[in-house]
S.K.: 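One structure, as C-alpha cells, below. Some questions next.
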Amino acid sequence: MSNIKTTCPYCGVGCGINAVITGDRKVEIKGDDAHPANFGRLCSKGTHVGETVGMDGRLLHPKLRQNNGQNNFDKQDDWQDIGWDAALCLMGEKFGQAIEKYGPDSVAFYVSGQILIEDYYLANKLMKGFIGSSNIDTNSRLCMASAVVAHNRAFGEDVVPVSYDDLEAAELIILVGSNTAWCHPVIWQRIEAARAKNGAKLVVIDPRRTETADCADLHIPICADGDAALFGALLYQMQQRGIINNEYLDNNVNTPDGFWDNLDGDISACDIDPDDFAKLTDMVAQYPKMVTLFSMGINQSKIGVDKGNAIINLHLAMGRIGQAGMGPFSMTGQPNAMGGREVGGLASTLAVHMGFSPEECKDAQDFWQSPTIATAPGLKAVDMFRAVHDGRIKALWVMGTNPAMSMPDSSFVREALAKCEFLVVSDCIEHTDTAQYAHVKLPALAWGEKAGMVTNSERVMSRQRALFPPPGQAKADWWAMAQLGIALGHEGAFSYDNAAQIFREYAAQTAFRNDGKRKLNLGQWAGISDIEYENWHPTKWGGASPFADGKYTHKDGKARLINIDIAASVAANPDYPLSLNTGRYRDQWHSMTRTGLSPTLSRHRAEPLVEIHGDDAKKYRLSDGDLARISTESGAAIFKVQVNDAQRKGDIFVPMHWTEQMGKGGLANMLPAQLFDPLSHQPAYKNSPAKIEKINRTWQAFLISREKPDMGTFIYAISSRIKGGWLTEISSDAPINIDQIMPQENRIEAVDHHNGSRRVAIIDEAGRLQSAIFISSCGFLPPRVWIAEQLENDDLADSMEILAARPRVKGPDKGAIICVCYNIGEKEITNGVVNHQWNNLDLIGQNLRAGTNCGSCRPAITKIISNYG
Ligand code: SF4
C-alpha cells in the first residue's frame with residue numbers, strides 16, 4: 001500500500017494529507033505530520049474525505065443536451081454522450097463565432113478556488129492573452145475579493161503579510177468576522193494549542209456568539225458592518241494614548257492628508273457595550289504582539305474593503321506587521337483561492353499580481369507572445385451574470401463551481417443561465433443546480449484524481465496528487481482549457497504535455513521583467529524538472545513575512561494608511577426588519593457535492609436551520625422545529641427554526657450549503673440582493689434586510705430509505721446521507737401518499753389517531769429494513785439515530801422495534817450528534833458532565849472518546865462543559 005502525500009480539497013488552511021490506498025476507490029486518510037499548515041492535524045471534513053471518493057453521481061462523459069439551442073430547459077431533457085472531440089469542436093465553434101461576431105467581451109469564463117494553479121494559469125492566459133478580454137472571474141470573488149483590494153491599497157500588492165506561525169507567537173489574537181472553529185478548524189486548533197502553551201488572549205468580534213466566541217476571553221457581539229467604525233475608534237484610542245509607532249510611520253508608511261482628523265472614538269455605529277470596547281482597547285494597548293485574523297464577516301460586505309483597510313491601518317500605525325507574532329491576516333476560504341489570486345484569475349487582475357498599466361499589459365503580452373492582450377479589468381461575478389442575463393455574454397464556461405446556488409439573488413442568476421446562448425459546465429458531478437442549464441457538460445477530475453499545485457492562506461504551495469486513475473472520460477481542467485485554446489487556433493501556445501510544464505511557465509511569468517517590482521516572484525522554480533515537480537515539498541514563498549524588511553510594493557516602497565469612509569449599515573426597512581446573515585456549517589463544504597456524500601459528516605447538521613433569538617421567536621410566534629419562510633426583496637426560502645440566543649436580537653442566520661439536489665428548502669442565496677462593495681465587487685451576503693413568518697403545515701415526518709425519494713409536492717423536504725441510504729425530513733399541508741415515496745410490499749404499520757401519528761415500515765423477505773416513515777400531525781417525532789442505523793442491520797430481530805423507532809430495551813437518547821468521528825451526542829456528554837463530573841475535555845475524551853480524533857467538536861464540548869459543569 002503506497003502512501004501518497006496530497007492536500008485537503010476543502011478550506012484555505014491547506015492541510016497536508018497522507019493518503020493510503022486500501023482498495024478500489026478506497027483510501028485511508030491521515031494528517032501529514034510534515035506539512036507546515038497542519039503538522040498532522042485534520043478537521044472533521046479532512047478526516048472523512050475518504051468517504052467522498054466513490055463514484056456516486058459522477059459525470060463520466062461529455063454530454064450534449066438534445067434540445068441544444070432552444071433554451072427551454074427541462075430536467076427530463078435527454079443528454080447524449082458525445083465524446084471530447086465533438087464537445088471541443090462545438091465549443092471552439094460557439095466561442096469562436098461569438099468572438100468574431102460580437103467581439104472578445106461576448107464570452108466569459110467563471111472558474112473556482114477549487115481548481116488548481118495550472119488550470120487557472122491556462123484559463124487566464126487564454127482569456128486575457130489570446131481571446132483579448134478580461135472576462136474571467138472566479139467564485140473567490142465571493143469570499144475574499146475585498147481583502148485583495150485592501151491589500152493592494154495598503155501594500156501595493158495582494159500579499160498576506162503573516163504566517164500561521166505568527167498565531168503561535170502572538171500575545172493577543174483578534175478574530176473578526178470569523179467563526180474560525182467551524183470554518184478554518186485546524187487554524188483554530190493551532191490557536192487553542194498556542195493559548196494553552198503561552199496564554200495568548202483571544203478576542204472574537206462577531207455578531208453571533210459562535211462556538212469560536214464561546215471560547216474567547218472577550219466576545220464583542222458587534223452589529224453587522226460595524227467593524228470599520230470599531231477599528232477606526234481603536235486606532236483613535238491608540239493615538240490618544242500615545243502608542244502609535246511614529247518611527248515606523250515616518251520610515252515605512254505614507255499617511256494621507258487629514259487621516260488623523262478623520263478618526264474619532266465614536267463607537268455608536270457598532271452597537272456594542274462601551275465596557276467591552278474599553279477592555280478591547282486595554283488589551284490592544286497592552287499586547288504589541290497582536291494578530292488580527294479576518295474572513296468572510298469582513299469581506300462579504302458592501303464596505304468590505306474599508307473594513308479590511310481599517311484593520312490594516314491599525315497594524316501599520318502601530319508598526320505591528322512584519323515581525324513574529326503580529327500582523328493583519330486575511331484567511332482565504334478555498335483550497336486554491338490564493339493560487340487563483342496569484343495567477344491572476346480574477347477579472348480585476350491581469351496576471352501574476354500585475355494590473356492593467358500599459359507597461360504591465362506589454363510585459364504580459366511579450367511573455368505570452370500572444371496576438372492580443374486585455375487592457376482593462378473585465379466583468380466581475382455579479383456583473384458577469386448581469387451581462388449573461390441581458391445577452392451581452394453569448395458563451396460562458398463555468399468550471400468547478402455552482403453559481404446557480406452560490407451567487408446572491410440566485411433566482412436572477414438561474415434566469416441568466418437559462419437565457420445564455422451557449423453554456424458549458426465542467427464538473428465532476430452530473431447533476432448540480434448549475435449543470436441543469438448547460439448545453440454541454442464536461443466531466444472533470446475530482447479530488448483524488450487530479451494533480452497540480454495549490455497555494456494556501458499563508459503562501460504555502462503544496463501539491464494535490466492523484467490517488468486513483470481518471471474514471472470514464474474525465475479529464476483535467478487544464479487539459480480541457482488547452483484544447484479550447486487549440487480549437488480557437490492557438491495550437492503553439494496551448495500544447496502542453498503535463499501540469500509540470502504549465503507550472504514552470506507560470507513560475508517564469510512571475511519573474512519576467514519583475515526586477516523587484518512585485519514580491520510574487522517564483523522564478524527559482526521556473527526550471528524545475530518533472531521529477532522535482534512530482535516530488536515537491538510544501539514550500540512557502542516570501543518567507544515568514546514578505547514585509548519583514550519594511551519595504552512595500554508601492555513605487556516609493558512605503559505602505560499606505562487609507563482614509564476610511566465609515567458608512568452606516570443597511571438602512572432600516574420596516575417591511576424587512578431583520579438583518580439576515582449567511583455562513584457555513586462545521587462539517588459541510590460549499591454546495592455539498594462532496595461533503596454531502598459522507599454519512600459521517602451529515603450527522604452534525606442534517607437540515608438547514610434558521611437561527612433566531614428567543615425574543616424575536618416570540619415576536620414572530622416561532623418555536624424550535626417550526627417551519628419558517630424568510631423573504632427579502634430578492635426572493636424567499638424555507639428553513640427549520642432553531643431558537644438560539646447566540647443570535648443578536650434582530651438578526652437571523654442561515655447556512656449557505658443546501659441546493660435543489662438535496663431537496664426542497666434551505667436555498668439561502670435566493671435571499672441576498674445583488675449588492676456589493678463598490679471597490680471589490682464582492683457581494684454583501686452578511687447583512688440583508690429580511691422578514692420571517694411561520695409556515696403552517698398539517699404534518700411532518702421523517703423517512704429512512706435506501707433510495708433518495710422523490711420530493712413530490714411537499715412544502716419542505718431535505719435528504720441527507722446515512723449509512724446505507726437516506727434520511728429525509730418532510731413537512732407538508734397536503735395529504736400524504738406514501739405509495740409515492742415507499743415500496744409497496746411487506747408493510748407493517750401502526751396508527752395512533754389520538755396522537756395523530758402514523759408509522760410505516762417495509763421489511764423485505766430477508767429481514768432487512770427497506771424503508772420506514774414516521775408521520776406526526778402533533779409535532780412529536782422520535783429520535784433518528786437508532787432507526788437510521790437499522791438500514792445496516794441485516795437481521796432485524798424484532799420488527800416492532802422498528803415501528804417504535806427504538807430497541808425494546810431502551811438505550812439512552814444521544815441527542816444531537818456533537819462528535820461525528822465517534823458518534824457521540826450532546827445528551828451523552830451532558831450526562832457525563834452533570835452525573836460524572838467529567839468537567840474538562842480530557843475527562844470527556846477519556847470516558848467517551850468525544851473530541852479525541854479530529855478535534856472539530858472540542859469547542860462544542862467546551863460549551864457543554866461551561867453550561868453544565
Ligand atoms: Fe481541510 Fe479542515 Fe484542514 Fe481546512 S482545516 S484544509 S477543511 S482538514
Side-chain angles (χ1 to χ4, degrees), residues 5-19 27-53 113-114 116 140 143-144 163-164 167 175 178-194 211-212 293 295-296 329-339 446-448 453-465 467 538 540 583-598 600-602 604-605 655-657 819-821 851 853-860:
K5 284 182 183 286
T6 184
T7 310
C8 176
Y10 298 119
C11 84
V13 179
C15 295
I17 282 176
N18 280 334
V27 59
E28 200 176 283
I29 298 292
K30 290 264 183 299
D32 179 356
D33 292 337
H35 197 288
N38 56 318
F39 297 109
R41 301 174 179 96
L42 290 176
C43 76
S44 49
K45 292 186 286 285
T47 299
H48 299 289
V49 69
E51 289 183 22
T52 71
V53 297
Q114 302 288 318
L116 307 174
S140 305
C143 64
M144 43 43 23
S163 300
Y164 299 163
L167 294 164
L175 306 178
S178 168
N179 185 5
T180 317
W182 278 25
C183 302
H184 296 108
V186 165
I187 287 297
W188 173 254
Q189 290 177 26
R190 290 184 66 162
I191 291 171
E192 254 193 327
E211 285 181 6
T212 308
L293 184 151
S295 58
M296 307 325 155
F329 193 176
S330 154
M331 278 296 298
T332 56
Q334 300 188 75
N336 195 35
M338 186 64 79
W447 182 86
M453 197 73 81
V454 292
T455 311
N456 75 0
S457 296
E458 60 162 356
R459 292 168 276 104
V460 169
M461 297 184 293
S462 304
R463 286 292 317 277
Q464 276 193 17
R465 293 187 169 91
L467 313 177
K540 184 185 296 170
R584 297 181 194 282
Y585 277 169
R586 188 189 79 189
D587 290 352
Q588 291 299 340
W589 180 254
H590 283 194
S591 58
M592 300 167 74
T593 49
R594 176 177 299 283
T595 48
L597 299 170
S598 162
T600 305
L601 294 176
S602 299
H604 179 241
R605 290 279 191 283
M656 43 70 89
H657 304 291
C819 170
V820 296
C821 295
N853 190 35
C854 74
S856 287
C857 60
R858 290 166 67 92

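In listed order, ligands and their atoms are each counted from 1. The structure presented is a predicted model; accordingly, all values stated were derived computationally and were not measured.
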S.K.: Excluding waters, how many protein N/O/S atoms sit closer than 2.8 Å to atom 2 (Fe) of ligand 1?
M.R.: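 Every protein N, O or S atom under 2.8 Å from atom 2 (Fe) of ligand 1 counted, the figure is 1.
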S.K.: Just by distance, do the side chain of Arg465 and the backbone of Thr6 share a donor-acceptor pair under 3.5 Å?
M.R.: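 No, the answer is negative, given that no donor and acceptor are paired below the 3.5 Å cut-off.
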S.K.: Going by salt bridge (charged side-chain N to carboxylate O under 4.0 Å, His left out), name the pairs with one or both residues in residues 35-52, residues two or more places apart or in two chains.
M.R.: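 Matches after skipping sequence neighbours: none remain.
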S.K.: Any non-hydrogen side-chain atom of Met331 less than 4.5 Å from a side-chain atom of Thr180?
M.R.: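 No - every pair of side-chain heavy atoms lies 4.5 Å or more apart.
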S.K.: Which ligand 1 atoms are under 4.0 Å away from a heavy-atom of Gly14?
M.R.: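 Here the atoms of ligand 1 in question are 6 (S).
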S.K.: Between Ser462 (side chain only) and Pro538 (backbone N and O only), is there a donor and an acceptor less than 3.5 Å apart?
M.R.: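 Checking the backbone N and O of Pro538 against the side chain of Ser462, no donor-acceptor pair under 3.5 Å is found.
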S.K.: Would you be so kind as to tabulate the donor-acceptor pairs closer than 3.5 Å made by side chains of residues 453-460, with sequence neighbours excluded?
M.R.:
from: Thr455; atom 1: OG1; to: Glu342; atom 2: OE1; distance (Å): 3.2
from: Asn456; atom 1: OD1; to: Glu458; atom 2: N; distance (Å): 3.0
from: Asn456; atom 1: OD1; to: Arg459; atom 2: N; distance (Å): 3.3
from: Asn456; atom 1: OD1; to: Val460; atom 2: N; distance (Å): 2.9
from: Asn456; atom 1: ND2; to: Val13; atom 2: O; distance (Å): 2.9
from: Ser457; atom 1: OG; to: Gly12; atom 2: O; distance (Å): 3.0
from: Ser457; atom 1: OG; to: Thr332; atom 2: N; distance (Å): 3.0
from: Ser457; atom 1: OG; to: Thr332; atom 2: OG1; distance (Å): 2.7
from: Glu458; atom 1: OE1; to: Tyr164; atom 2: N; distance (Å): 2.8
from: Glu458; atom 1: OE1; to: Lys540; atom 2: NZ; distance (Å): 3.4
from: Arg459; atom 1: NE; to: Val160; atom 2: O; distance (Å): 2.9
from: Arg459; atom 1: NH1; to: Trp541; atom 2: O; distance (Å): 2.7
from: Arg459; atom 1: NH1; to: Gly543; atom 2: O; distance (Å): 2.8
from: Arg459; atom 1: NH2; to: Val160; atom 2: O; distance (Å): 3.3
from: Arg459; atom 1: NH2; to: Val162; atom 2: O; distance (Å): 2.9
from: Arg459; atom 1: NH2; to: Ala544; atom 2: O; distance (Å): 3.2

S.K.: Can you name the residues that form a side-chain hydrogen bond (donor to acceptor under 3.5 Å, both in side chains) with Trp182, not counting sequence neighbours?
M.R.: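 Listed in chain order: Glu211.
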